[in-house]
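Small disclaimer: the values here were computed from a predicted structure and weren't measured. Numbering of ligands and ligand atoms starts at 1, following listing order.
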Amino acid sequence: MAEESSTSNAAAAEAGAAASLGHSVIPIVNKLQDIFAQLGSQSTIELPQVAVVGSQSSGKSSVLEALVGRDFLPRGSDICTRRPLVLQLLQTKPNNPNDAADDQEWGEFLHHPGKRFFDFNEIRREIQAETEREVGVNKGISDKQIRLKIFSPNVLDITLVDLPGITKVPVGDQPSDIEARIRTMIMSYIKLPSCLILAVTPANSDLANSDALQIAGNADPDGYRTIGVITKLDIMDRGTDARNFLLGKVIPLRLGYVGVVNRCQEDIMKNRSIKDALVAEEKFFRSRPIYSDLADRCGVPQLAKKLNQILVQHIKTLLPGLKSRISAALVSVAKEHASYGEITESQAGMGALLLNILSKYSEAFSSMIEGKNEEMSTSELSGGARIHYIFQNIFVKSLEEVDPCEDLTDDDIRTAIQNATGPKSALFVPEVPFEVLIRRQIARLMEPSFQCAKFIYDELIKMSHRCMVNELQRFPILRKRMDEVIGNFLRHGLQPSEVMIGHIIDMEMDYINTSHPNFIGGSKAVEIALQQVKSSRIATPVPRLKDGVDLEKAPTSERSLKSRAIFARSVGGFVPDQVVRPVPEVEKTTTSGSNVGSSWGISSIFGGSDNRSSAKDNFISKPFSDPVQNMDHAFSMIYLREPPSVLRPSETHSDQETIEIAITKLLLRSYYDIVRKNIEDSIPKAIMHFLVNQTKRDLHNVFIEKLYRDNLFEEMLQEPDEIATKRKRTRETLRVLQQASKTLEELPLDTETVERGYSLGTDQTGLPRIHGLPTSSMYNTSSGSTDSYTTSPNSRSHYASHSGELWSPMYGGADSNGGGHNFGLYRQ
Ligand SMILES: Nc1nc2c(ncn2[C@@H]2O[C@H](COP(=O)(O)OP(=O)(O)OP(=O)(O)O)[C@@H](O)[C@H]2O)c(=O)[nH]1
């Protein structure tokens, strides 16, 4: 007898713990929270909140209390919960597990910040008082929350909500629409997809009319997050039982039902403890054979188990994300740790390390240029690709866009042509001005070519800075010295490439190869120029050119020109600066018109008059000073005007000049194209050869020559203190992450292990180990004894088939019967 009672006490103690909500999940959650903390993230595991709903006095607060395992909620036969109570359970971590003070549990209300309530009876009184402060003493209700935090080392971080019960008839201070108001209030909590609903219905009422199931059905029509709780099984009408309710035969529910027996009002008056109540509950079910085959759906521990299963499912859904975060963190921390390297103190070791760094740097630099860099970016161009871009998209493209005649006005060309012929009237194609002008244009290519080399140089400098950034972090002195060496080396590499660029452009300017097969040549240029002028004349409404010449009237000349690669020309008259003497329009037209008309073409070689002479006539305003005539004072002197300091060609173009200009432009463009192609090809080659490839080839040697000195090892491999600290810190983070990853791998998330309860510890190796606890159920502690009733797999499948439950928890389907569980309660 004595033995039986001690067994019963032990069972009661264990039941208290086992019945608590989340008891068996706490170790998993704790471990996961630790992992989050190790990852340095603020985020924690968010568990779904649990709300109890049901009609007034159905036993909601009693169920919640039993799940929490502490008496602290006002309960009574009358309306008790009149404001929503949001109860946040928060786990405290004992600083010292051996210190009893660390085991303390207390409550804190939002409306009493900072005040700790260690006496749970006082918490109950404060809930009552706070309710009354808001809604008076006469049964009034309010949707204004009371927020209470319970701190305890033995709870799971979860939020529970106790809601006012549904009532139909207003009493006391209740408004006439009390039912609608309460329903709206309840819905605002249970409609949240993350809310688990405990739909509480007393067994002594009609389940088909259950307010709880009705409102839960509205919020969760698929039943993925609603558990039916049948209370007061002990006060059912004699001769009735709740079997059909529990089996889901009255109203099927996906997550099923759990029947419970809480303390009656008398128990409350007598201050019966929850532990005792759990023992009494167990006795109740044990003494009712009608429930013997429904062991998995009878009793508060079973309700806690069901909730635990759902929480496990929830945690399972979080794991993949957590795992990938840990893996990512592991990779980056491992890399960072490797970048801090190991400490080397011997001279030989330092030499080898330095040599290794210099070689790796040179290789990394070459790889960057060649595009073989391991850490190749996919978001932007880097290394060699940027060099290619500078050559092709900047240098070549800019050159292609250049028009060699762009900054040459017709007047410039005309002036050049006239200057080139000197005092004579030139007869043939203006070759000299072409060469002068093309040289000027080729010279323009010098600057962009130098610029291109500078861009590549800058690019190489940038690349050198990006090389081995992490690895060299620990050796700032070496990094600085290497930057100096490579900077000097690149600067020296720039010089020969610039010299070469100068040569290439000079070569192009030095010899204008008019025999180049791609050059248009004089005759073709003449032909095209004539066509151009002709078609432009046709296009213009005025049939005559500005100087009054109709080219159609010169067919012979054209033919002659077409047949020859050169053509004769008649130089347009020089007109002095307009300031000197403006030429009347009529006079100009007549002069040049007759000129061109007669001198255009081959015929003009022999018969053409020189414009300059006619122009000259215009300038004569004073008699020529002659010594003979000077003697004769009877005659007035003829004075020539001083030639103007600046002479410009006349404003008007002769027809011939127009063609000459067109020809010159054609020749310029054609030859420029040839040069441009050469430059576009040879400048990048020169830069690659003298600067880029030279650097690649010789960098390693230069490093060795400049930096690999016995007496420099120590100085260059000097590490800042901060690196040593970082190395230590990352080593620790790495260890923690490895452990977290291993813990995660070993988390026993199969339902069976979780239900049985387990704890995670650390073995001597520092790695986590898992203990299976004997059991989380009070009912099979004495397995093998006659009091232990284990449900056989057969019997489980039997009642499963009768259950009418569609077990598929909100986080993705698990079998509520949890094949292989050992939760048998009662003798069959
Ligand atoms: N006999 C018996 N009485 C119970 C049981 N559950 C609750 N009671 C009693 O029923 C009354 C109401 O319980 P509460 O837990 O306050 O019910 P509630 O649904 O929270 O009530 P309100 O918040 O007022 O809506 C109390 O007197 C409880 O002691 C049970 O399983 N058996």
Side-chain angles (χ1 to χ4, degrees), residues 19 50-68 70-87 124 127-128 131-132 135 137-143 146 160-172 174 178-179 181-183 185-186 189 197-205 210-213 215-216 228-238 240-242 245-246 257-274 276-285 288 291 298-300 302-303:
V50 180
V52 280
V53 300
S55 52
Q56 196 180 298
S57 293
S58 53
K60 300 180 295 298
S61 305
S62 302
V63 167
L64 218 48
E65 252 186 357
L67 282 171
V68 177
R70 293 297 300 255
D71 299 78
F72 63 99
L73 295 176
R75 282 151 293 128
S77 49
D78 207 351
I79 180 168
C80 288
T81 313
R82 296 191 282 141
R83 288 174 61 182
L85 175 70
V86 178
L87 188 65
R124 178 174 28 250
I127 293 172
Q128 268 161 348
T131 303
E132 286 168 13
V135 287
V137 290
N138 199 11
K139 300 185 171 80
I141 62 149
S142 162
D143 57 7
I146 296 177
L160 309 170
V161 188
D162 193 9
L163 291 163
I166 299 167
T167 183
K168 295 192 185 335
V169 184
V171 291
Q174 292 172 355
I178 182 78
E179 185 182 357
R181 282 188 188 213
I182 294 179
R183 282 180 184 274
M185 189 196 305
I186 294 175
Y189 289 88
I197 308 167
L198 296 185
V200 180
T201 313
N204 57 356
S205 70
S210 163
D211 288 328
L213 291 174
I215 198 164
V229 182
I230 314 286
T231 54
K232 307 190 182 181
L233 293 185
D234 55 324
I235 52 172
M236 288 185 81
D237 234 8
R238 274 176 173 278
T240 61
D241 64 70
F245 292 175
L246 297 176
Y257 292 85
V258 179
V260 297
V261 176
N262 287 317
R263 288 166 295 178
C264 62
Q265 193 59 30
E266 191 189 358
D267 293 337
I268 292 167
M269 316 287 250
K270 287 184 178 167
N271 280 335
R272 190 179 206 177
S273 74
I274 287 186
D276 289 349
L278 285 167
V279 174
E281 184 190 45
E282 184 237 339
K283 269 191 188 153
F284 171 83
F285 286 118
R288 301 287 191 287
Y291 299 121
C298 290
V300 171
Q302 292 302 317
L303 178 59

Protein heavy atom at shortest distance from [atom]:
atom	value
atom 24 (O) of ligand 1	Cys80 N, 2.7 Å
atom 26 (C) of ligand 1	Gln265 OE1, 3.4 Å
atom 18 (P) of ligand 1	Lys60 N, 3.5 Å
atom 23 (O) of ligand 1	Thr81 OG1, 2.7 Å
atom 3 (N) of ligand 1	Cys264 CA, 3.5 Å
atom 6 (N) of ligand 1	Asn262 CB, 3.4 Å
atom 7 (C) of ligand 1	Ser62 OG, 3.5 Å
atom 12 (C) of ligand 1	Gly76 O, 3.2 Å

When you compare ligand 1 with [X], is there at least one nitrogen or oxygen pair between them that comes in under 3.5 angstrom?
X	result
Gln56	no
Thr231	no
Ser61	yes
Gly59	yes

[X] contact mode with ligand 1 (heavy-atom cut-off under 4.0 Å):
X	result
Arg263	backbone
Ile268	side chain
Ile235	side chain

- Does even one non-hydrogen atom of Gly54 get within less than 4.0 Å of ligand 1? no
- Message: Restricting to salt bridge (Lys or Arg N to Asp or Glu O under 4.0 Å), what partner residues turn up for Asp143, sequence neighbours left out?
- Response: none
- Query: In chain order, what residues pass the salt bridge (Lys or Arg N to Asp or Glu O under 4.0 Å) check against Arg263, with sequence neighbours excluded?
  - Reply: Glu65, Asp71
Under 4.0 Å from a heavy atom of [X]: which atoms of ligand 1 are those, numbered in the order shown and with their elements?
X	value
Asp234	1 (N), 2 (C), 30 (C), 31 (O), 32 (N)
Gly165	25 (O)
Val261	31 (O)

Quick check: closest heavy atoms across [X] and [Y], and the distance to 0.1 Å?
X	Y	value
Ala203	Leu233	CB-CD2, 3.5 Å
Gly165	Lys60	CA-NZ, 3.2 Å
Cys298	Gln302	O-CG, 3.1 Å
Asn262	Ser62	ND2-CB, 3.5 Å

- Query: Heavy atoms, side chains only, cut-off 4.5 Å: are Asn204 and Asp237 in contact?
  - Reply: no
- Heavy-atom distance under 4.5 Å between the side chains of Lys232 and Met236, does that happen here? no
- Heavy atoms from other residues, nucleotides or ligands near NZ of Lys168 exceed 12 (cutoff 6.0 Å): yes
- Message: Determine whether a donor-acceptor pair (N or O, by modelled atom type, separation under 3.5 Å) exists between the side chain of Thr231 and the backbone of Ser58.
- Response: yes
- Do side-chain atoms of Glu281 reach the backbone of Val300 as a donor and acceptor pair under 3.5 angstrom? yes
- Message: In terms of relative ring orientation, are Tyr291 and Phe284 parallel, tilted or perpendicular, with 30° and 60° separating the classes?
- Response: tilted
